[in-house]
Amino acid sequence: MSLPKLPKLPSIRDLIRIYNLRAKQQLSQNFIMDKNITDKIVQLAGLELESSLCVEVGPGPGLLTRSILGKGARNVIAVEKDPRFVPTLEQLRDASDGRFDVMLDDMLTVDHGKIIQRGLALGSNADNQISEFEHVHLVGNLPFSVATPLLVQWLHLLATKKGIFLSPNVSMSLMFQKEVGLRIVAPASNTERGRLSVVAQSICDAFKIYGVPASSFVPRPKVDAMVVQLRPLAQPLLKSSLGTLEHVARFSFMKRRKMMARIFKDWDPSHVALLEECEIDPTLRPQDVTTEKFCNLAQLIEARGLRLP
Ligand code: SAM
């Protein structure tokens, strides 16, 4: 099957000028204007494009969307909160030969069932009566202000196989502030290690695929960015609810410079024994405890019905 192509479109710079799309700080709008960068992100994300649904979060004026479509994606749904981008995105939809549609919605509250429905209604799917997608890719240059709440929400949906995470194969290729990206991928004993590392790595393999300097964005943010890929683990380490693990990790990392024994003693002196039961060296600091050991600890705390402060 030949690769579907996009017709020639006005440049993103021109669209921003024509529609007077001044970036809104409250929606964390920092745009990428260099197509080499968005093409590189799509290439490194290694998207499986046949029989897959690609969900883009926050397409803005749509350069990353163009790269996704340019790579041959047949089913792309973008969720954008800012109505000012709808005309440019509708223009792209009309040029996409039924491969792309846009939803004006908030990704934090959108009904995932509607995303799937819109994906299934796209061009050839409607004709071929496809009822589900084998792969779902979540992609986006995320609004930095809500990137962490979005990721945590998606990890909860992935852990419980809900929403777009019901699909058998899901991957996420997401741009974060560099500091947040480093935290997500940090292994045990890394200084960047934190709650997000433990929670993400309990159910996903998380790794950096691309670094993007602040100078690549308009307007220029204060910090560099990083694209992280998260792929669900075939054998998740998580043995409790993700909520319990999140609670245990948050509680431990709140006192990140203290030893685990001290942190648990401050909670209740009798709870230091939990560490020994999980074979966690009580002299370790939270950043040195492996994800697997945190998962064992969360499992024990949940099984005993203990309430963390
Ligand atoms: N994808 C574009 C790019 O790379 O140039 C824009 C990225 S910009 C960092 C973030 C985008 O997310 C903006 O278009 C913004 O309006 C949108 N956005 C912010 N909050 C959102 C939310 N809760 N749901 C969906 N989109 C959101």
Side-chain angles (χ1 to χ4, degrees), residues 9-17 19-45 54-71 73 76-93 100-112 114-115 118 137-154 157 163-164 172-181 209-228:
L9 293 159
S11 78
I12 293 290
R13 258 178 219 288
D14 282 347
L15 288 175
I16 287 179
R17 189 175 42 77
Y19 289 99
N20 192 21
L21 299 171
R22 210 176 285 269
K24 281 190 181 168
Q25 211 183 347
Q26 69 270 32
L27 286 176
S28 306
Q29 291 177 347
N30 302 96
F31 308 125
I32 302 179
M33 299 291 193
D34 182 346
K35 183 125 184 314
N36 292 319
I37 295 179
T38 53
D39 282 349
K40 189 83 183 167
I41 293 171
V42 173
Q43 181 210 325
L44 293 173
C54 191
V55 180
E56 188 190 354
V57 184
L63 192 62
L64 182 59
T65 327
R66 289 187 188 189
S67 292
I68 296 167
L69 290 166
K71 187 94 173 125
V76 184
I77 299 292
V79 180
E80 172 57 61
K81 189 174 176 182
D82 187 342
R84 297 178 307 148
F85 293 114
V86 170
T88 61
L89 294 166
E90 283 181 347
Q91 201 175 10
L92 188 55
R93 180 195 62 198
F100 168 64
D101 203 357
V102 55
M103 291 173 66
L104 179 62
D105 216 320
D106 183 332
M107 194 62 204
L108 274 169
T109 51
V110 66
D111 175 351
H112 282 213
K114 287 197 180 138
I115 300 178
R118 291 284 277 269
H137 301 291
L138 194 53
V139 184
N141 171 12
L142 295 184
F144 289 166
S145 57
V146 286
T148 301
L150 279 172
L151 178 64
V152 170
Q153 186 196 73
W154 295 332
L157 292 173
I164 56 171
M172 297 178 254
S173 303
L174 307 167
M175 176 118 64
F176 295 92
Q177 281 180 17
K178 186 177 171 188
E179 187 196 343
V180 177
I209 58 170
Y210 196 42
V212 185
S215 57
S216 305
F217 298 88
V218 179
R220 183 191 171 122
K222 290 197 182 75
V223 289
D224 293 336
M226 182 171 141
V227 183
V228 172

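Position 1 is the first residue of the sequence; numbering continues from there. Just so you know, ligand 1 is whichever comes first in the structure, and atom 1 is the first atom listed for that ligand.
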D82 heavy atoms within 4.0 Å reach ligand 1 at atoms 16 (O)
Side-chain donor-acceptor pairs of residues 211-221 under 3.5 Å, sequence neighbours excluded:
residue : atom : partner : partner atom : Å
S216    : OG   : P213    : O            : 3.3

Any idea which atoms of ligand 1 are less than 4.0 Å away from a heavy-atom of V79? 25 (C), 26 (N)
Atom 5 (O) of ligand 1 [closest protein heavy-atom partner, distance rounded to 0.1 Å]: I32 N, 2.9 Å
Enumerated ligand 1 atoms positioned under 4.0 Å from heavy atoms of S28: 8 (S), 9 (C), 10 (C)
Does a side-chain heavy-atom distance below 4.5 Å link E56 with L64? yes
Got K71 and I68 here, is their nearest side-chain heavy-atom distance under 4.5 Å? no
Atom 20 (N) of ligand 1 - nearest protein heavy atom and its distance: P143 CG, 3.5 Å
Check F85 against T88 and note the closest heavy-atom contact, atom names and distance. O-OG1, 2.9 Å
Which residue supplies the protein heavy atom nearest to atom 24 (N) of ligand 1, what is that atom called, and how far is it? M107 N, 2.9 Å
for atom 2 (C) of ligand 1, nearest protein heavy atom and its distance come out as P59 O, 3.3 Å
Below 4.0 Å, non-hydrogen atoms only: which portion of S145 touches ligand 1? Side chain, backbone, both or neither. neither
Looking at R22 and Q29, what are the two nearest heavy atoms and their distance? O-OE1, 4.0 Å
Starting from atom 3 (C) of ligand 1, what is the nearest protein heavy atom, named by residue and atom, and what distance separates them? N141 ND2, 3.5 Å
H112 to I164 - nearest heavy-atom pair and separation: ND1-N, 3.1 Å
Give the atom numbers and elements of ligand 1 that come within less than 4.0 Å of a heavy atom of D106. 22 (C), 23 (N), 24 (N)
Using heavy atoms and a threshold below 4.0 Å, how should the contact between L64 and ligand 1 be classified: side chain, backbone, both, or neither? neither
For Q29, the ligand 1 atoms whose distance to one of its heavy atoms is below 4.0 Å: 13 (C), 15 (C), 16 (O)
Quickly, which of I41, L142, L174 forms a side chain to side chain contact (heavy atoms under 4.5 Å, CB included) with V227? Name it, please. I41
Among all the protein's non-hydrogen atoms, which is closest to atom 1 (N) of ligand 1, and how far away is it? G58 O, 2.8 Å
Count the heavy atoms belonging to other residues, nucleotides or ligands that lie under 6.0 Å from NZ of K35, then report whether that count exceeds 12. yes
Using a 6.0 Å cut-off, check whether atom CD of E179 has over 12 heavy atoms from anything other than its own residue. no
Under a 4.0 angstrom heavy-atom cut-off, which atoms of ligand 1 come close to D105? 24 (N), 25 (C)
Within a 6.0 Å radius of atom CD on Q25, are there more than 12 heavy atoms belonging to other residues, nucleotides or ligands? no
Any atoms of ligand 1 less than 4.0 Å from a non-hydrogen atom of G60? List them with their elements. 14 (O)
the protein heavy atom lying closest to atom 17 (C) of ligand 1 turns out to be E80 OE2, 3.4 Å
With heavy atoms of F31 as the reference, note each atom of ligand 1 found under 4.0 Å away. 5 (O), 6 (C)
Using every non-hydrogen atom in the two residues, find where S67 and D39 come nearest and quote the distance to one decimal. OG-OD1, 2.7 Å
What protein heavy atom sits nearest atom 26 (N) of ligand 1, and how far off is it? K81 N, 3.4 Å
